[in-house]
Amino acid sequence: MGFATGKHALITGGGTGIGAGAARALAAAGAKVSLLGRRREPLAAVAAETGGRAIVCDVTDPEAQARAFAEARETFGPLDIVILNAGIGDSRPFLRTSRDSWNAIIATNLTALFDGAQLALPDLQAEGKRLIIVASVAGLKGGAMAAPYAASKHGAVGLARSLALEFARTGLTVNAICPSFVDTPMVDDSAARIAGATGKSVEEARKLLAKANGNGRLITVDEVAHAIVQLCLPGASGVNGACVTIDGGTSA
């Protein structure tokens, strides 16, 4: 039996990338996993693999997210671990960034966290409960050509730190995970944009992104999932309000 046996973990953006990796790791530790995301097919695949529940949900729609949380509770009971991971990115010069692009990134990467945290917190104010927000190293420093994304991730870090303080005496811990470039579909999209703008191949663009990490390679999904699991362990109850960087040394 794993440390999470019988616990209910809800993960937004659970169909691909970091969310899917976290779902697999927590299911392996015994958790029942509810997976929220926009696309049914990848969610269903991860749910079949983990014994979880796939719930199609656009987290930018607060009513849809509320229904999804209710469905998760109906399936597996009260929440014990919540990982707010859903996010999008973009990369373009600030003066060519549209208000629509800004709104979309803030809605997904920040406002949806507000809604998700408010939906989750009624269940989480007890010893051993965990709320983890997947932010980014972009939430700890500036980001040229990615101002909306960096702004949204700064907000995510600020939200995690604020909730950690506000709810510290309930037994809940709230932490932020701050990876750099991770080998996920989001990095694939970034590489494609770089290739389109520079004439480089997608593989050359991926290598450029990898070099931006301190260790010269892309972080793996499993490495991020491992950090998430560590924050969920019973012995991590003193880790609260932390920003766990997973960037190969970039922030050192």
Side-chain angles (χ1 to χ4, degrees), residues 11-25 28 35 37-46 48-50 83 85-98 100-102 104-106 108-109 134-154 156-157 176-229 243-252:
I11 305 164
T12 67
T16 60
I18 291 170
R24 294 185 184 102
L35 309 169
R38 295 185 181 187
R39 294 179 295 139
R40 182 174 297 279
E41 186 174 337
L43 285 173
V46 179
E49 184 181 347
T50 60
I83 301 169
N85 163 72
I88 59 174
D90 195 10
S91 178
R92 67 186 69 232
F94 181 72
L95 291 177
R96 296 215 307 266
T97 299
S98 69
D100 286 345
S101 177
W102 168 272
I105 290 170
I106 296 298
T108 304
N109 293 3
V134 178
S136 167
V137 291
L140 303 174
K141 59 183 182 180
M145 308 287 286
Y149 181 78
S152 72
K153 294 301 184 177
H154 273 71
V157 168
I177 292 284
C178 296
S180 54
F181 291 109
V182 183
D183 194 0
T184 64
M186 185 179 288
V187 158
D188 292 338
D189 292 343
S190 296
R193 286 194 297 269
I194 292 170
T198 65
K200 297 180 182 295
S201 69
V202 171
E203 187 56 35
E204 287 172 329
R206 279 173 59 85
K207 288 179 180 178
L208 282 175
L209 294 174
K211 287 180 181 178
N213 289 344
N215 55 6
R217 63 167 177 82
L218 294 175
I219 301 300
T220 70
V221 165
D222 286 346
E223 287 171 321
V224 183
H226 176 76
I228 289 171
V229 166
C243 298
V244 180
T245 57
I246 311 165
D247 59 7
T250 306
S251 303

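Just the heavy atoms: all of them, side chains too, but no hydrogens, waters or symmetry mates, feed the values below.
- Nearest heavy-atom pair, S190 versus L209, reported as atom, atom and distance to 0.1 Å: CB-CD1, 4.0 Å.
- The shortest non-hydrogen separation linking A23 to L35 is CB-CD2, 3.5 Å.
- By the side chain to side chain donor-acceptor pair (under 3.5 Å) test, N215 pairs with no residue at all, sequence neighbours left out.
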Begin from the C-alpha positions of D183 and R217 and carry the test salt bridge (Lys or Arg N to Asp or Glu O under 4.0 Å) through to its verdict. CA-CA 9 Å; D183 194 0; R217 63 167 177 82; over 6 Å; no
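- A 4.5 Å side-chain heavy-atom check between P148 and D90 finds every atom pair outside the cut-off.
- Heavy-atom minimum distance, G87 versus T108: CA-CG2, 3.9 Å.
- No side-chain heavy atom of T250 sits under 4.5 Å from any side-chain heavy atom of V137.
- Not a single donor-acceptor pair under 3.5 Å links the side chain of S136 to the backbone N or O of C178.
- At least one donor-acceptor pair closer than 3.5 Å links the side chain of T198 to the backbone N or O of K200.
- Contact record, I219 with N213: N-ND2, 3.6 Å, taken as the closest heavy-atom pair.
- Looking at heavy atoms from C-beta onward, S101 lies in side-chain contact with I105 at the 4.5 angstrom threshold.
- Listed by first and then second residue, the side-chain hydrogen bond (donor to acceptor under 3.5 Å, both in side chains) pairs involving residues 144-154 are N109-S152 (not counting sequence neighbours).
- The two residues I246 and A227 have their closest heavy-atom pair at CD1-CB, 3.5 Å.
- Using a 4.5 Å cut-off on side-chain heavy atoms (C-beta onward), R39 and T16 make contact.
- Shown here for A135 and P179, the closest heavy-atom pair between the two residues is O-CD, 3.8 Å.
- I177 has its side chain out of reach of I18: every pair of non-hydrogen atoms, C-beta onward, lies at least 4.5 Å apart.
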